[in-house]
Amino acid sequence: MKKIGLFYSFNTKKTSKIAEHIREKFTDVEMDLVNVETVTAEQFLSYDNCICGVPTWFDGELPNYWDEFVPDIEDMDLNGKTIALYGLGDQKGYSENFLDGVGILGDIFESRGARLVGFTSAEGYTFEKSRALRGDKFMGLAIDYENQDSMNPERISKWIEQLLTEFQ
Ligand SMILES: Cc1cc2nc3c(=O)[nH]c(=O)nc-3n(C[C@H](O)[C@H](O)[C@H](O)COP(=O)(O)O)c2cc1C
């Protein structure tokens, strides 16, 4: 498998924790952790396999650091790239916007030609609306620390098993 770039903000607590968890589980795969707050387009494009960590903020919006990188992404040719997203959200507190950031970023990556992988079932979550839904699946891994913390380890392990077959 080609080297993976794992992009997230190093200044987050929960998103960083998940990133470290993911890194530990990918034992035989080369992986760089990259701070999305300082990443350049060139750096991002140097990976064919990417994992992006995106919490949803501001009632259904991307956090500032991802939002600021969007204009760069919109100029990229992502054909040949494989991208998996993991999102953090609060299905109770933000039931109308649960995990929207994953849908926003996923749509942008796809519109530039990327192949999205790592879709997961929305079963076991309770919410009203989510831009991250594609049919009955999330366009990535859904992590909810606020309400389902104890389910995170198993969800992450299962997702990584899946990515091992979906990344090239
Ligand atoms: C002000 C605020 C707005 C939020 N908005 C949303 C939202 O719209 N949708 C959602 O699913 N979660 C929302 N959340 C929950 C966060 O995504 C969740 O707490 C996440 O774990 C934060 O991760 P981070 O600390 O790594 O940034 C919000 C949290 C806060 C404090």
Side-chain angles (χ1 to χ4, degrees), residues 4-26 31-41 43-44 47 49-74 83-111 114 116-160 162-163:
I4 298 174
L6 171 44
F7 301 88
Y8 65 100
S9 160
F10 288 11
N11 289 319
T12 52
K13 280 218 172 84
K14 297 176 210 158
T15 309
S16 297
K17 217 169 139 184
I18 300 289
E20 281 149 25
H21 224 82
I22 291 171
R23 188 207 204 146
E24 279 166 25
K25 299 243 169 195
F26 267 102
M31 184 180 284
D32 290 335
L33 305 191
V34 185
N35 190 355
V36 74
E37 298 203 22
T38 53
V39 70
T40 62
Q43 214 181 349
F44 189 85
Y47 298 89
N49 286 336
C50 302
I51 298 177
C52 299
V54 52
T56 299
W57 277 88
F58 314 123
D59 296 344
E61 303 286 339
L62 292 175
N64 292 337
Y65 47 88
W66 271 117
D67 206 36
E68 283 159 15
F69 193 50
V70 164
D72 288 285
I73 300 171
E74 285 174 336
I83 300 180
L85 297 163
Y86 71 92
L88 289 88
D90 172 351
Q91 63 196 283
K92 251 194 199 159
Y94 298 89
S95 179
E96 294 279 340
N97 303 96
F98 180 51
L99 218 74
D100 279 0
V102 164
I104 295 169
L105 212 49
D107 283 345
I108 296 169
F109 283 137
E110 250 186 359
S111 74
L116 294 185
V117 296
F119 285 26
T120 59
S121 168
E123 236 173 84
Y125 301 82
T126 306
F127 57 94
E128 291 297 323
K129 257 168 61 186
S130 174
R131 282 185 67 173
L133 275 183
R134 174 81 52 89
D136 57 358
K137 288 196 164 165
F138 290 121
M139 296 158 71
L141 172 67
I143 294 290
D144 183 341
Y145 261 111
E146 277 78 10
N147 308 291
Q148 296 182 332
D149 190 11
S150 65
M151 297 165 98
N152 291 340
E154 198 191 325
R155 283 176 171 164
I156 295 168
S157 297
K158 253 181 91 177
W159 191 60
I160 287 166
Q162 183 182 336
L163 293 187

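What you see is a predicted model; the values in this text were computed from it and never measured. For ligands, and for the atoms within them, numbers begin at 1 and follow the listed sequence.
- Using a 4.0 Å cut-off to heavy atoms of D59, the atoms of ligand 1 that qualify are 5 (N), 8 (O).
- The option from Q91, E96, K14 that lies nearest to atom 25 (O) of ligand 1, judged by heavy atoms, is K14.
- Side-chain atoms of E96 and F127, non-hydrogen and from C-beta on, never get closer than 4.5 Å to each other.
- For a threshold of 3.5 Å applied to N or O pairs, the pair formed by Y94 and ligand 1 contains no separation below that value.
- Ring planes of F109 and F44: parallel class, angle under 30° (limits at 30 and 60°).
- If you look at Y145 next to ligand 1, there are no close heavy atoms at all, none under 4.0 Å.
- Within a 6.0 Å sphere centred on CD of E123, heavy atoms belonging to other residues, nucleotides or ligands number 12 at most.
- Counting heavy atoms closer than 4.0 Å to ligand 1, residue E61 contributes nothing at all.
- Between F98 and ligand 1, not a single N/O pair is under 3.5 Å apart.
- What sits closest to atom 19 (O) of ligand 1 on the protein, heavy atoms only, is E146 OE2, 2.6 Å.
- Which parts of ligand 1 touch T12 is read off a 4.0 Å heavy-atom cut-off, strictly below it: atoms 26 (O), 27 (O).
- The side-chain tip of R155 points at the ring of Y125 from less than 6.0 angstrom away and within 45° of straight on.
- With respect to K14 and E146, a salt bridge is recorded, a charged nitrogen being found less than 4.0 Å from a carboxylate O.
- Heavy-atom proximity to G60, at under 4.0 Å, picks out these atoms of ligand 1: 7 (C), 8 (O).
- Close N/O approach between Y65 and ligand 1 is not found [any backbone or side-chain N/O within under 3.5 Å].
- The closest protein non-hydrogen atom to atom 31 (C) of ligand 1 is W57 CZ3, 3.4 Å.
- Scanning the protein for heavy atoms near atom 23 (O) of ligand 1, the closest one is P55 CB, 3.6 Å.
- Between K25 and S157, the side chains place a donor N or O and an acceptor N or O closer than 3.5 Å (distance only, hydrogens not considered).
- Minimum heavy-atom separation, I108 to V70: CD1-CG1, 3.8 Å.
- Closest to atom 12 (N) of ligand 1 among all protein heavy atoms lies D90 N, 3.2 Å.
- Using modelled atom types and a 3.5 Å distance limit, the side chains of N147 and Q91 yield no donor-acceptor pair.
- Protein heavy atom in closest approach to atom 16 (C) of ligand 1: T56 O, 3.5 Å.
- Under the 4.0 angstrom criterion for non-hydrogen atoms, L99 is in contact with ligand 1.
- A donor and an acceptor atom, one from each side chain of Y47 and D32, are located under 3.5 Å apart.
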Task: Residue pair Y8, F69: steps toward the ring-ring contact (aromatic ring centres under 6.0 Å, His included) verdict - done: CA-CA 12 Å; Y8 65 100; F69 193 50; over 10 Å; no

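- At the shortest separation from atom 9 (N) of ligand 1 among protein heavy atoms lies N97 O, 3.0 Å.
- T15 OG1, 3.7 Å is the protein heavy atom nearest to atom 24 (P) of ligand 1.
- From the protein, the heavy atom lying nearest to atom 20 (C) of ligand 1 is L88 CB, 3.8 Å.
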TODO: Take E110 and R134, measure what salt bridge (Lys or Arg N to Asp or Glu O under 4.0 Å) needs, and give me the verdict at the end.
DONE: CA-CA 13 Å; E110 250 186 359; R134 174 81 52 89; 2.9 Å; yes

